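What follows is a set of notes on a single structure, which appears directly below.
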Protein chains: 2
Amino acid sequence: MISIKDIARAADVSHSTVSRALRNSPLVNPETSQRIRTIAQEKGYRVSAVGRSLVNRRTDTIGVVVTSIADPFNAEVVSGIEEIALTHGYSLLLATCHSDPNREMLAVQSFYERRVDGILVSSSRVGSLYRPMLADMKVPIIFINSHHPDEDMFSVTIDNHNAGLQATRHLVQLGHKRIGYLGNQFGLQADTQRFAGYRSALEEVDIGFDPELVVHGNGGPENAKTATARLLALANPPTALFCFNDMSAFGAMCAAREHGLAIPSDLSIVGLDDLLLSSYTEPALTTIRQPKHEMGRLAAGTLFQLLSGNSPERFISMRGELIVRKSTVPPTSSADAVSTNYQKSSARV
Amino acid sequence: MISIKDIARAADVSHSTVSRALRNSPLVNPETSQRIRTIAQEKGYRVSAVGRSLVNRRTDTIGVVVTSIADPFNAEVVSGIEEIALTHGYSLLLATCHSDPNREMLAVQSFYERRVDGILVSSSRVGSLYRPMLADMKVPIIFINSHHPDEDMFSVTIDNHNAGLQATRHLVQLGHKRIGYLGNQFGLQADTQRFAGYRSALEEVDIGFDPELVVHGNGGPENAKTATARLLALANPPTALFCFNDMSAFGAMCAAREHGLAIPSDLSIVGLDDLLLSSYTEPALTTIRQPKHEMGRLAAGTLFQLLSGNSPERFISMRGELIVRKSTVPPTSSADAVSTNYQKSSARV
DNA sequence: GAGATCATTGCACACGTGTTCATAGTAAAA
DNA sequence: TTTTACTATGAACACGTGTGCAATGATCTC
């Protein structure tokens, strides 16, 4: 592994001059500079970022923590982050935590030891615990998809309440009265807020909330499938279903088919995310589009603002957009009838 | 930012002793060691990996280059890599190159400057050009999903020829005679080999190869859709289609539906990858399963073998597994008849 | 009691780079 | 010719950590 000292020796100058020459410093004679660069090229020299980082006190590296990179949502977010990082000449350290708060902390600690210039965390589960940690480590940190109203906290999210509202309103406006909610793991902030939006939409039109119609998966299709199966086995099953995300919606569609139901005629389904594949399923999925790539870009942008001494917006909240495709239709009369009957006899909660 | 010198001062010892104490060296008195560790904890000290890397001449970091992290195949591979890296205490630097050979080189150069301990490249497009580069930089590099028979090259792939063979044989055995191939971008190694497998399967049963039935997308659903549309507009369209990957297959299914064809009765489709969502589509996709996660694990494992001085297997080739689901059935008699007619009049290539 | 062994610690250097300051040489100004 | 300004370069230190070697003091052996 060759260093500037090696080419200094070869060019018969001091390593200081080499350092300057390779960074195009105007302080060094153009001819010597050229000579040094030629030698460096011949020897295949490449500057050591670790040596440079030590003196510059920056690594040109940012750390990204996600629950799982195999989750298309996170993949898109990371893609947006990487795009912006590249334009700033930064590299990305990636770690996954699989929704384990402990692993999330370990990942952040590891990033800190590596002296990243900033950290991005998607779907954090330990947001509040960062306060003491951040006191020690003076590293800017941006949250994506989770929001923590403390000072010195930055975040980029979509308005989850509004997303739940839009999705459920769409079903309500189609005439559905018996609308289920398929959530994510209990305690996840985004889940709580989307669920709240769902309830708000029901309240707007005085549809009673039935806790029987709420089930929870884990954001993946398999658990969504079993959760949906429970829902469909009810004496009075829903005619429409709002799913926490598109992956869950796919699982729900699968469960419905296996239960002998046709989509959308027997069960309308709304997802949330608008994944690349969501428009290619049969039927194409009605969903709330989340600007995943843009969220990644904005989060990274916020970080770089911070790094360059500016004061970016503290909390960025984006709007999801309802994309109506083929998985939602008005309820069939028979289902509607059942639903109406049930309304009469069910207690309002 | 506090260093060992700061706690050395606080504990009234030399920084050497601090360094030893924090690394649990038996050379230091247990009591002083404990005292030092307590002070370090109080001050929230965390070792600087950059300082340590400089002297240890290793960064405990590996670099991963993929075409796009939003591609589920790559996401799964990276997931497998990360899993193994974690068990070795390594971190992951991630870069995307979007199939641009130039960006691929830049990413590798950037990794080298950061002095990663090893590099993994998925679906490389510049394999041969690595020879001169590797001569300079003494960094182990492993290829995933592309194979380069030079010495000093390591790779993990599936047997693409066999995968194409299996997929096409499956369609042949169902009775199809007019089988299309929907490939990836021209020149990609995996595409060439899968296509060769496709042709071998046709030759086995003396089905003539018709170049009209071969189209190319770019591995994504949108281009696959338009490419498939061209195929279906033929005077004598295929009754079955082997797609380069599942993403392409989804696009093909979409195109078929828009063309008024039912799947699988009017058009059988085989994909390749077996993505998480491939079993949740309607109909569920018949495909060749690629052990993506395992490939990532094996590639990372090979790298760590290399790093620990062992001599791992140079070329690991895995077998894809045919997963028969619902998107493939024997051709309907009418389609079969057309196909047979065509056979008679078409020239063998 | 003298010498030997051992435990504990500090000094000094190394890793690769950047930067301040001083110095030597050169050209311009007086 | 002398003074001044400027150009080009090197010496020295810094960044944070690890380690070989020497030194100190204590304990043990004979």
Side-chain angles (χ1 to χ4, degrees), chain A residues 1-37 39-40 43-61 89 110 112-117 136-139, chain B residues 1-37 39-40 43-61 89 110 112-117 136-139:
Chain A
M1 189 71 64
I2 82 164
S3 74
I4 51 172
K5 291 182 184 172
D6 298 313
I7 50 183
R9 211 174 352 256
D12 196 36
V13 292
S14 72
H15 81 275
S16 312
T17 306
V18 176
S19 172
R20 284 189 269 254
L22 295 179
R23 292 171 55 71
N24 294 321
S25 163
L27 289 180
V28 31
N29 183 308
E31 293 170 24
T32 23
S33 182
Q34 187 51 52
R35 184 163 51 92
I36 290 173
R37 265 199 294 274
I39 295 180
K43 297 210 168 202
Y45 169 81
R46 297 255 102 195
V47 66
S48 162
V50 28
R52 174 177 287 178
S53 295
L54 192 55
V55 38
N56 283 347
R57 319 184 70 83
R58 42 180 285 197
T59 53
D60 292 336
T61 301
S110 161
Y112 178 61
E113 290 191 357
R114 289 183 148 79
R115 296 296 188 265
V116 295
D117 296 337
D136 289 339
M137 33 187 272
K138 193 64 183 165
V139 178
Chain B
M1 191 70 65
I2 82 164
S3 75
I4 51 173
K5 290 184 184 171
D6 297 314
I7 50 184
R9 209 172 354 252
D12 196 36
V13 292
S14 74
H15 80 275
S16 313
T17 306
V18 176
S19 172
R20 284 188 268 255
L22 295 180
R23 293 170 56 73
N24 295 319
S25 164
L27 290 180
V28 31
N29 183 308
E31 293 169 24
T32 17
S33 183
Q34 186 51 52
R35 185 162 51 92
I36 289 172
R37 265 199 295 273
I39 295 180
K43 297 210 170 202
Y45 170 80
R46 300 254 101 196
V47 67
S48 162
V50 28
R52 174 177 287 177
S53 295
L54 193 55
V55 38
N56 283 347
R57 318 184 71 83
R58 40 180 285 196
T59 53
D60 292 335
T61 301
S110 161
Y112 177 60
E113 289 191 358
R114 290 183 148 81
R115 296 296 187 266
V116 295
D117 297 338
D136 290 339
M137 32 186 274
K138 195 63 183 167
V139 178

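The analysis underlying the following values was restricted to heavy atoms, covering all of them including side chains, and did not include hydrogens, waters or symmetry mates. Since the structure is predicted, the reported quantities are computational estimates derived from the model, not experimental observations. Sequence lines set the chain letters: A, B, ... in the order given, protein chains first and strands last, and positions in each chain run from 1.
Residue pairs that meet the side-chain hydrogen bond (donor to acceptor under 3.5 Å, both in side chains) test with at least one member in residues 4-13 of chain A, sequence neighbours left out, are A:Asp6-A:Arg9.
Taking CD1 of A:Ile7 as the start and OG of A:Ser19 as the end, the distance is 9.5 Å to the nearest 0.5 Å.
Counting heavy atoms from C-beta outward, B:Arg52 and B:Arg23 have side chains that approach closer than 4.5 Å. For the pair A:Ile4 and A:Tyr45, the minimum side-chain heavy-atom distance is below 4.5 Å.
Considering only residues two or more places apart in sequence or on other chains, A:Thr59 meets the side-chain contact (heavy atoms from CB on, under 4.5 Å) condition with A:Ser53, A:Thr61, A:Arg115, A:Asp117. Residues satisfying the side-chain hydrogen bond (donor to acceptor under 3.5 Å, both in side chains) criterion with B:Asn29, sequence neighbours excluded, are absent altogether. Listed by chain and number, the residues in a side-chain contact (heavy atoms from CB on, under 4.5 Å) with A:Arg20 are A:Ser16, A:Ser25, A:Leu27, A:Val28 (sequence neighbours excluded). For B:Arg46, the side-chain hydrogen bond (donor to acceptor under 3.5 Å, both in side chains) partners at least two apart in sequence or on another chain are A:Gln109, A:Glu113. Residues meeting the side-chain hydrogen bond (donor to acceptor under 3.5 Å, both in side chains) test with A:Asn24, sequence neighbours left out: A:Arg37. For the side-chain contact (heavy atoms from CB on, under 4.5 Å) test, residues two or more places apart in sequence or in another chain that qualify with A:Ile36 are A:Ala11, A:Val13, A:Thr17, A:Val18, A:Ala21, A:Leu22. Taking B:Arg57 as the reference, A:Met1 meet the side-chain contact (heavy atoms from CB on, under 4.5 Å) condition, with sequence neighbours excluded.
Using a 4.0 Å cutoff to heavy atoms of chain B, the contacted part of DNA chain C runs 5' to 3' from C:dT8 to C:dG16.
Rounded to 10°, the angle separating the first-five-pair axis and the last-five-pair axis of the helix from C:dG1-D:dC30 to C:dA30-D:dT1 equals 60°.
The stretch residues 43-54 of chain A touches DNA chain C through A:Tyr45, A:Val47, A:Ser48, A:Gly51, A:Arg52, A:Leu54, each having a heavy atom under 4.0 angstrom from the strand.
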Contact state string [nucleotides 7-14 of chain D, B base, S sugar-phosphate only, - no protein heavy atom under 4.0 Å]: -SBBBB--
Working for side-chain contact (heavy atoms from CB on, under 4.5 Å), residues B:Val50 and A:Arg114: CA-CA 6 Å; B:Val50 28; A:Arg114 289 183 148 79; over 6 Å; no
